[in-house]
A.B. asks: 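Let me begin by handing over the structure; questions about it come next.
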Amino acid sequence: MDLERVKRGVEGVQTWSDGEWQVRNIPASAATKAYRCPGCDQEIAPGVPHLVSWPADGRGDLADRRHWHTGCWRARERRTPNIQRSRSAPRYG
């Protein structure tokens with residue numbers, strides 16, 4: 001297998017309730033930057049294997065790519081949206 005392809009990860013199309021997504025696994029050796037996971041709102045540190053996804057319908061561009069923890073991607077239909085609050089905001093109400 002081509003070394004560059006191994007560094008990039010495997011690409012495929014996954015079908016979810018919100019459409020089809022191009023998904024590429026990013027191995028630890030190719031994870032060189034920090035990203036924020038949209039599933040848990042936590043940082044994906046450099047060197048951590050994860051995945052990147054974008055719409056498969058051809059309407060997306062590079063700005064539509066999102067880096068996810070693998071577990072967050074798998075659990076995304078079972079979770080409610082992550083509501084971001086300031087530190088001083090009330091938790092309930």
Side-chain angles (χ1 to χ4, degrees):
M1 187 177 266
D2 179 18
L3 181 59
E4 197 57 38
R5 182 179 167 115
V6 170
K7 284 184 177 180
R8 279 196 329 244
V10 177
E11 187 175 338
V13 176
Q14 295 182 10
T15 303
W16 292 77
S17 63
D18 60 348
E20 290 188 338
W21 296 87
Q22 292 276 352
V23 178
R24 177 180 295 148
N25 290 311
I26 307 296
S29 62
T32 59
K33 294 179 8 184
Y35 295 97
R36 176 115 359 229
C37 174
C40 66
D41 197 38
Q42 299 297 311
E43 182 180 278
I44 303 170
V48 174
H50 61 282
L51 61 84
V52 63
S53 68
W54 63 95
D57 59 13
R59 290 184 282 174
D61 60 12
L62 293 178
D64 293 314
R65 294 187 310 172
R66 297 292 178 263
H67 292 256
W68 292 75
H69 291 111
T70 304
C72 293
W73 175 258
R74 289 185 192 135
R76 68 192 188 100
E77 289 189 328
R78 296 188 308 262
R79 293 182 175 177
T80 58
N82 190 7
I83 299 171
Q84 296 182 8
R85 296 179 175 91
S86 70
R87 290 181 191 255
S88 61
R91 297 276 302 162
Y92 306 99

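Index from 1, following the sequence. Heavy atoms only: backbone and side chains are in, while hydrogens, waters and symmetry mates are out.
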A.B. asks: So which atom in Ser29 and which in Thr32 form the shortest heavy-atom distance, rounded to 0.1 Å?
C.D. replies: O-CG2, 4.4 Å
A.B. asks: Could you tell me whether a side-chain N or O of Gln14 sits under 3.5 Å from a main-chain N or O of Val23, the two making a donor and an acceptor?
C.D. replies: no
A.B. asks: Using side chain to side chain donor-acceptor pair (under 3.5 Å) as the criterion, list what pairs up with Ser53, not counting sequence neighbours.
C.D. replies: Trp68
A.B. asks: What I'd like to find out is whether the side chain of Asp57 reaches to under 4.5 Å of the side chain of Glu20, using heavy atoms alone.
C.D. replies: no
A.B. asks: Test of understanding: with ring pair (Phe, Tyr, Trp, His ring centres under 6.0 Å), list the residues that count as partners of His69, not counting sequence neighbours.
C.D. replies: none
A.B. asks: Taking atom CZ of Arg74 and atom CG of Leu51, what is their separation to the nearest 0.5 Å?
C.D. replies: 8.0 Å
A.B. asks: Might you work through the side chain to side chain contact (heavy atoms under 4.5 Å, CB included) test for Arg24 and Trp54, ending with a clear yes or no?
C.D. replies: CA-CA 9 Å; Arg24 177 180 295 148; Trp54 63 95; 4.2 Å; yes
A.B. asks: To the nearest 0.5 Å, what is the distance between OG1 (Thr70) and CD1 (Ile44)?
C.D. replies: 8.0 Å
A.B. asks: Which atom pair, heavy atoms only, marks the closest approach of Pro38 to Arg66?
C.D. replies: CG-CB, 4.1 Å
A.B. asks: Quick one: closest heavy-atom pair of Ala31 and Val48, and the distance?
C.D. replies: CB-O, 3.4 Å
A.B. asks: State, to 0.1 Å, how close Gly39 and Cys72 come at their nearest heavy-atom pair, and which atoms those are.
C.D. replies: CA-CB, 4.3 Å
A.B. asks: What orientation do Trp21 and Trp73 show, parallel under 30°, tilted 30 to 60°, or perpendicular over 60°?
C.D. replies: perpendicular
